[in-house]
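Right, one structure below, let's go through it.
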Amino acid sequence: VQLQAFGGGLVQGGGSLRLSCAASGSVVSINAMGWYRQAPGKSRELVAAVTSDGSTDYAESVKGRFTISRDSAKNTVYLQMNSLRREDTAVYYCNARITESVGAMLGEGDYWGQGTLVTVSS
């Protein structure tokens with residue numbers, strides 16, 4: 001299983017970006033997907049997550065500005081980021097808890113994407 005993230009870049013404060021993350025490989029089902037971020041000198045933090053039933057959770061700092069969504073048919077999760085602030089600058093990582101086929105059996109694994117840099121300028 002692989003997760004590949006897209007969509008980072010440089011944006012002015014107040015602008016928008018959309019991140020996407022697609023899972024590929026021996027995916028049977030995706031139980032939860034989320035986005036984390038890590039700013040320089042800080043620990044990684046949860047930004048937003050969505051479960052298989054569509055329940056969402058957001059960090060307080062992004063509520064009302066970011067929206068997480070998923071396309072189960074495409075095994076893809078999106079993060080729409082609006083009203084971006086300088087403090088949103090970080091490397092963003094997608095994460096997924098996936099049920100995968102392992103030979104004739106099923107297993108559950110926790111996977112991370114490669115990270116995509118979001119830089120918000122003033």
Side-chain angles (χ1 to χ4, degrees):
V1 173
Q2 287 188 325
L3 294 183
Q4 192 161 15
F6 304 92
L10 174 65
V11 63
Q12 277 196 321
S16 298
L17 279 176
R18 189 173 89 146
L19 306 181
S20 61
C21 176
S24 62
S26 54
V27 177
V28 174
S29 63
I30 299 179
N31 306 317
M33 296 186 86
W35 290 95
Y36 290 72
R37 67 186 179 188
Q38 187 165 19
K42 295 188 177 182
S43 56
R44 192 173 296 189
E45 63 173 356
L46 174 69
V47 177
V50 59
T51 62
S52 57
D53 65 1
S55 299
T56 57
D57 188 27
Y58 295 92
E60 283 296 324
S61 61
V62 307
K63 282 182 179 178
R65 300 188 297 123
F66 292 11
T67 302
I68 190 169
S69 61
R70 61 186 288 174
D71 184 333
S72 297
K74 297 182 179 179
N75 290 335
T76 299
V77 64
Y78 304 96
L79 185 68
Q80 178 65 44
M81 305 185 293
N82 298 328
S83 302
L84 282 161
R85 306 168 180 168
R86 286 192 66 183
E87 54 264 38
D88 296 317
T89 295
V91 177
Y92 284 70
Y93 298 90
C94 63
N95 170 266
R97 186 167 302 145
I98 293 173
T99 297
E100 60 184 311
S101 60
V102 183
M105 302 179 66
L106 296 179
E108 186 175 78
D110 197 56
Y111 291 91
W112 291 89
Q114 81 279 16
T116 184
L117 177 62
V118 172
T119 304
V120 184
S121 64
S122 56

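- Residues in residues 69-94 take part in no ring-ring contact (aromatic ring centres under 6.0 Å, His included) pair, two or more places apart or across chains.
- Applying the salt bridge (charged side-chain N to carboxylate O under 4.0 Å, His left out) test to residues at least two apart or on different chains, none of the pairs has a partner in residues 19-36.
- Taking each heavy atom of Ala22 and Thr76 in turn, the nearest pair found is CB-OG1, 3.6 Å.
- Under the rule for a side-chain contact (heavy atoms from CB on, under 4.5 Å), the partners of Glu108 that lie at least two apart in sequence or sit in another chain are Asn31, Arg97, Thr99.
- Looking at every heavy atom in both residues, Met33 comes nearest to Ala96 through CG-CB, 4.0 Å.
- By the side-chain contact (heavy atoms from CB on, under 4.5 Å) test, Val11 is found to be paired with Leu17, Leu84, Val120, residues two or more places apart in sequence or in another chain being considered.
- With sequence neighbours left out, Ser24 forms a side-chain contact (heavy atoms from CB on, under 4.5 Å) with Gln2.
- The 12-atom threshold is exceeded at CD of Glu87, counting heavy atoms of other residues, nucleotides or ligands nearer than 6.0 Å.
- Pairs of residues two or more places apart, or lying in two chains, that qualify as disulfide bond (SG atoms under 2.5 Å apart) and include a residue from residues 80-122 are Cys21-Cys94.
- Partners of Arg37 under the salt bridge (charged side-chain N to carboxylate O under 4.0 Å, His left out) rule, at least two apart in sequence or in another chain, are Glu45, Asp88.
- For Phe66, the ring-ring contact (aromatic ring centres under 6.0 Å, His included) criterion is met by no residue, not counting sequence neighbours.
- Scanning both residues, Ile30 and Ser52, for their nearest heavy atoms gives O-CB, 3.8 Å.
- Applying the side chain to side chain donor-acceptor pair (under 3.5 Å) test to residues at least two apart or on different chains, the pairs with a partner in residues 111-122 are Glu100-Tyr111.
- At a threshold of 4.5 Å between non-hydrogen side-chain atoms, the residues Ile98 and Asn75 do not count as touching.
- Between Ser83 and Arg65, the shortest heavy-atom distance links the atoms O-NH1, 2.9 Å.
- Clustering ILVMFWY residues whenever any of their side-chain heavy atoms sit less than 4.5 angstrom apart, transitively, puts Tyr58 in the very cluster that holds Val77.
- Judged as a salt bridge (charged side-chain N to carboxylate O under 4.0 Å, His left out), and not counting sequence neighbours, the contacts of Lys63 are Glu60.
- Counting only residues at least two apart or on different chains, no salt bridge (charged side-chain N to carboxylate O under 4.0 Å, His left out) pair has a member in residues 75-84.
- Remark: Thr51 pairs with Asp53 by the side chain to side chain donor-acceptor pair (under 3.5 Å) rule, at least two apart or across chains.
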